[in-house]
> 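Handing you this structure, nothing more for now.
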Amino acid sequence: MASASRHISESIARPADEVYDYASDPINLPVWAPGLGSSVEKVDGRWFVETSEGRVGLSFAPRNEYGVLDHEVTWPSGEIVYNPMRVIPDGDGCEVVFTLRRLPGMSDQEFARDEGLVAADLTRLKRVLEDPH
């Protein structure tokens with residue numbers, strides 16, 4: 001059976017290529033997605049972030065012209081979570097869409113909490129990019 005998904009989006013008044021460039025750089029994650037982790041480092045060609053649950057691996061889709069920011073998060077348990085994400089051009093700005101997938105065994109409350117966290121991250125991304133001061 002397929003898992004439930006929610007599409008969470010935020011419009012950003014910046015060109016799609018600028019948003020893509022910023023959001024695709026793992027070094028920027030602690031600024032706009034601090035819930036994921038506090039520090040990011042690249043070791044032997046792989047990205048890692050320190051989280052409250054331990055060191056987490058990050059793997060991103062190759063840079064592309066379509067705004068695809070899909071990424072996998074490998075938790076200390078070895079569990080891999082696939083996260084679809086896109087930057088979609090919209091006139092002079094863009095829309096960033098993150099697809100939150102409900103994991104097996106996740107309660108309604110956990111799913112709603114994760115939805116709120118993703119929405120807050122996308123709002124923070126908007127704020128950082130629209131007012132970089």
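The chain is numbered in sequence order, starting from 1. Owing to the predicted nature of the structure, the values given are computational and were not obtained by experimental measurement.
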> Quick one: are Leu100 and Asn83 in side-chain contact, heavy atoms under 4.5 Å?
no
> Quick one: does Arg63's side chain get under 4.5 Å of Asp21's, heavy atoms only?
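Yes. Closest side-chain heavy atoms under 4.5 Å.
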> Rounded to the nearest 0.5 Å, what's the gap from CE on Met85 to CD1 on Ile8? Could you check?
10.5 Å
> Of all heavy-atom pairs between Val68 and Tyr20, which one has the smallest distance, and what is that distance?
O-CE1, 3.4 Å
> Assess whether side-chain contact (heavy atoms from CB on, under 4.5 Å) is satisfied between Tyr22 and Val31, documenting all intermediate values.
CA-CA 11 Å; Tyr22 184 85; Val31 176; 3.4 Å; yes
> Atom CH2 of Trp32 and atom CG of Leu129: how far apart are they, to the nearest 0.5 Å?
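Atom-to-atom, Trp32:CH2 and Leu129:CG are 9.5 Å apart.
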> What pair of heavy atoms forms the shortest contact from Arg124 to Pro34, and how long is it?
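Residues Arg124 and Pro34, closest heavy atoms: NH1-CD, 3.1 Å.
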> Test: side chain to side chain donor-acceptor pair (under 3.5 Å). Region: residues 43-62. Which pairs qualify, not counting sequence neighbours?
Glu41-Arg55
> Going by heavy atoms in the side chains, are Val49 and Leu29 under 4.5 Å from each other?
no
> Does the side chain of Ile88 come within less than 4.5 Å of Cys94's, by heavy atoms?
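Counting from C-beta outward, Cys94 and Ile88 never come under 4.5 Å.
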> Of all heavy-atom pairs between Val40 and Pro26, which one has the smallest distance, and what is that distance?
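Taking every non-hydrogen atom into account, CG2-O, 3.5 Å.
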> Which pairs, with at least one residue in residues 67-77 and sequence neighbours excluded, count as a side chain to side chain donor-acceptor pair (under 3.5 Å)?
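Checked against side chain to side chain donor-acceptor pair (under 3.5 Å) - neighbours excluded - the pairs reaching residues 67-77 are Asp70-Tyr82, Asp70-Arg86.
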> Are Glu95 and Ser9 linked by a side-chain donor-acceptor pair shorter than 3.5 Å?
yes
> For the atom pair NZ (Lys126) and CG (Asp121), what is the distance rounded to the nearest 0.5 Å?
15.0 Å
> Transitively linked via ILVMFWY side-chain contacts under 4.5 Å: Phe60 with Val81?
yes
> Can you check whether Asp114 reaches Arg102 side chain to side chain, under 4.5 Å on heavy atoms?
no
> Pair Phe111, Arg6 - check side-chain contact (heavy atoms from CB on, under 4.5 Å), show working.
CA-CA 9 Å; Phe111 194 46; Arg6 294 229 174 94; 3.3 Å; yes
> Identify whether Val19 and Val128 are in the same connected component of the hydrophobic contact network (ILVMFWY, side-chain heavy atoms under 4.5 Å).
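Cluster IDs for Val19 and Val128 match.
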> Closest heavy-atom contact between Ser24 and Leu69?
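Heavy atoms only, the tightest pair is CB-CD2, 3.4 Å.
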> List in chain and number order the residues that pass side-chain hydrogen bond (donor to acceptor under 3.5 Å, both in side chains) with Asp92, two or more places apart in sequence or in another chain; answer none if no residue qualifies.
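For Asp92, no residue satisfies side-chain hydrogen bond (donor to acceptor under 3.5 Å, both in side chains) once neighbours in sequence are set aside.
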> Minimum heavy-atom separation for Asn64 to Pro62, with atom names?
ND2-O, 2.9 Å
> Does Asp131 come within less than 4.0 Å of Arg14, counting only side-chain N to carboxylate O?
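Not counted as a salt bridge, because no side-chain N and carboxylate O are separated by less than 4.0 Å.
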> Got a second to check how far Glu115's CD is from His7's NE2, nearest 0.5 Å?
11.0 Å
> Any chance you could measure Glu110, atom CD, to Leu103, atom CG, to the nearest 0.5 Å?
9.0 Å
> Are Phe98 and Leu125 side-chain neighbours, meaning at least one heavy-atom pair lies under 4.5 Å?
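Contact flag for Phe98/Leu125 side chains = no.
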